[in-house]
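Working notes for the structure below.
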Number of protein chains: 2
Amino acid sequence: MMDEFSKRQKEIISVSIKIIAEKGIQQLTIKNISKSIKISEPAIYRHFDSKMDILIAILSQFKNSSQIISSKIISDNTSSIKQLEFIYNHNFKQFSENPALAAVIFSEEIFQNDKRLSDMVNSIMQVNQNMIIKIIKNGQKKREIRDDIPEKQIGIIIMGALRLLVTRWRLSKYSFSLKQEGDLTFNSIKTLIKK
Amino acid sequence: MMDEFSKRQKEIISVSIKIIAEKGIQQLTIKNISKSIKISEPAIYRHFDSKMDILIAILSQFKNSSQIISSKIISDNTSSIKQLEFIYNHNFKQFSENPALAAVIFSEEIFQNDKRLSDMVNSIMQVNQNMIIKIIKNGQKKREIRDDIPEKQIGIIIMGALRLLVTRWRLSKYSFSLKQEGDLTFNSIKTLIKK
DNA sequence: TATTAGTTAGTGAGTATTAACTAACCACTG
DNA sequence: CAGTGGTTAGTTAATACTCACTAACTAATA
């Protein structure tokens with residue numbers, strides 16, 4: 001409820017995400033933000049107290065949306081494999097439509113400096129991790145997923161493959177179809193883990 | 001043979017790695033390097049032409065060592081699974097002994113700005129990836145690894161899990177035993193991929 | 001005495017942020 | 001309705017700082 005950002009605030013957030021996607025987080029400066037919006041640098045401070053508050057706003061947006069998706073999936077009553085497939089597809093779709101998201105989510109190193117930011121990044125990671133592990137555990141109980149491997153380990157494999165794929169896609173400057181490659185990877189994982 | 005670094009150069013490289021490990025790559029500044037060595041900032045430039053040359057020196061060290069390991073493993077005539085296990089163990093050992101390595105290797109975003117650096121990071125990644133895929137392909141031929149899944153996909157899964165584990169270990173400020181957790185993960189992978 | 005490795009003092013560029021001011025709008029009130 | 005005070009969102013100019021890097025000098029040493 002609290003994140004009723006003003007029009008300008010939303011604009012600042014969205015151009016910030018765009019800058020990160022296109023030029024990396026190093027280039028996210030007040031100067032570059034203000035240049036994009038075509039207002040002066042100090043004008044930014046009419047809308048956010050500090051640069052960090054902008055970063056926090058960006059991250060909190062992502063946290064919200066991933067929490068919403070998480071609860072949506074968990075409450076959905078299809079097979080575990082289908083749920084995992086949905087997560088993969090949802091991620092690929094979201095990243096493809098908005099490559100900036102990938103750049104921000106995978107910038108853990110940079111946020112490490114500041115505790116507030118690193119806590120936020122960690123908790124976003126946690127939300128996804130918990131969701132996947134929950135699904136796997138459930139799938140093992142329902143005998144849809146093999147149970148000779150701990151759910152935590154399957155979780156690492158699933159998350160790891162997803163992240164590596166997205167990282168490669170990003171570093172290659174989005175040179176291949178994330179959805180296409182992702183489908184191949186998920187099919188392989190499906191073959192590996194289904195009972 | 002070309003990397004016959006002087007004593008001071010080696011010192012600069014080693015404190016740089018230390019700084020990256022402890023405070024992140026953002027804190028790798030000429031000022032911080034010189035402070036650690038207890039010489040003045042300009043003195044650094046007696047030994048390296050630029051900061052980038054220091055970064056390149058660091059990366060080339062890692063590249064060399066990973067290439068050496070790669071050829072060593074490939075020429076070794078044990079089972080594919082054992083080879084993969086060796087890679088996992090080698091990585092965990094190297095990272096545990098020198099956490100800076102993890103910080104450097106996984107800082108792709110930061111090196112993206114500069115072409116020379118990003119090429120270097122990419123090629124280090126490539127060396128490992130090629131090695132793993134080669135081993136898997138061979139293992140499938142020797143009927144040690146299941147061949148109902150493309151070698152490339154198994155490669156993504158193996159690399160992805162390794163990277164995710166290291167990333168988590170690093171972000172948790174090395175709070176758990178990488179070797180111990182890594183063994184668990186590799187055992188699970190072994191169960192999944194062996195024929 | 002020539003070279004090496006250090007020093008002090010500085011440059012210029014870039015950073016986030018603040019100070020001081022202003023134009024436009026908006027709600028009261030005489 | 002005209003004028004007053006207050007708020008909002010912008011401006012220009014400046015501050016204080018950090019960054020990589022350089023010029024000029026110096027002590028030690030081979």
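Since the structure is predicted, the reported quantities are computational estimates derived from the model, not experimental observations. Just so we're on the same page: letters track the sequence lines, and every chain starts at 1.
When the P atom of dC21(D) is taken as reference, atom CG of D49(B) falls 10 Å away, rounded to whole Å. Note: CD1 (I30(A)) to C1' (dC17(D)) measures 15 Å, nearest angstrom. Put simply, CG on N32(A) is 16 Å from C1' on dT17(C), counting in whole angstrom units. Following rounding to the nearest Å, Y45(B) (OH) and dC25(D) (P) show an atom-to-atom distance of 22 Å. In this structure, the NZ atom of K51(A) is 8 Å from the C1' atom of dA16(C), given to the nearest Å. Residue L55(A) contributes atom CG, which lies 12 Å from atom C1' of dA16(C) at whole-angstrom precision. Whole-Å rounding puts the I25(B) CD1 to dC19(D) P distance at 15 Å. In this structure, CG of D53(B) is placed 13 Å from C1' of dA20(D), rounded to the nearest angstrom.
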N/O-N/O pairs, protein side and nucleotides 5-11 of chain C side, under 3.5 Å:
{"unit_1": "dG6(C)", "atom_1": "OP1", "unit_2": "R8(B)", "atom_2": "NE", "d": "3.1"}
{"unit_1": "dG6(C)", "atom_1": "OP1", "unit_2": "R8(B)", "atom_2": "NH2", "d": "2.6"}
{"unit_1": "dG6(C)", "atom_1": "OP2", "unit_2": "H47(B)", "atom_2": "NE2", "d": "2.5"}
{"unit_1": "dG6(C)", "atom_1": "N7", "unit_2": "R46(B)", "atom_2": "NE", "d": "2.9"}
{"unit_1": "dG6(C)", "atom_1": "O6", "unit_2": "R46(B)", "atom_2": "NE", "d": "3.4"}
{"unit_1": "dG6(C)", "atom_1": "O6", "unit_2": "R46(B)", "atom_2": "NH2", "d": "2.1"}
{"unit_1": "dT7(C)", "atom_1": "OP1", "unit_2": "S40(B)", "atom_2": "N", "d": "3.4"}
{"unit_1": "dT7(C)", "atom_1": "OP2", "unit_2": "S40(B)", "atom_2": "N", "d": "2.5"}
{"unit_1": "dT7(C)", "atom_1": "OP2", "unit_2": "S40(B)", "atom_2": "OG", "d": "2.5"}

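Side-chain contact check for I156(B) versus Q129(B): every heavy-atom pair is 4.5 Å or farther apart.
No side-chain donor-acceptor contact under 3.5 Å links Q153(A) to the backbone of S188(B).
Taking 4.0 Å as the cut-off between side-chain N and carboxylate O, E11(A) and R8(A) count as a salt-bridged pair. In summary, K141(B) and D147(B) do not engage in a salt bridge, as defined by a charged side-chain N under 4.0 Å from a carboxylate O. The residues D76(B) and K72(B) are annotated as not salt-bridged, no charged nitrogen and carboxylate oxygen being separated by less than 4.0 angstrom.
The aromatic rings of F92(B) and Y88(B) sit perpendicular to each other, their planes meeting at more than 60°, with 30° as the lower class boundary.
Among the protein residues, L28(B) comes within range of the sugar-phosphate backbone only, with heavy atoms under 4.0 Å from sugar or phosphate atoms but none that close to a base.
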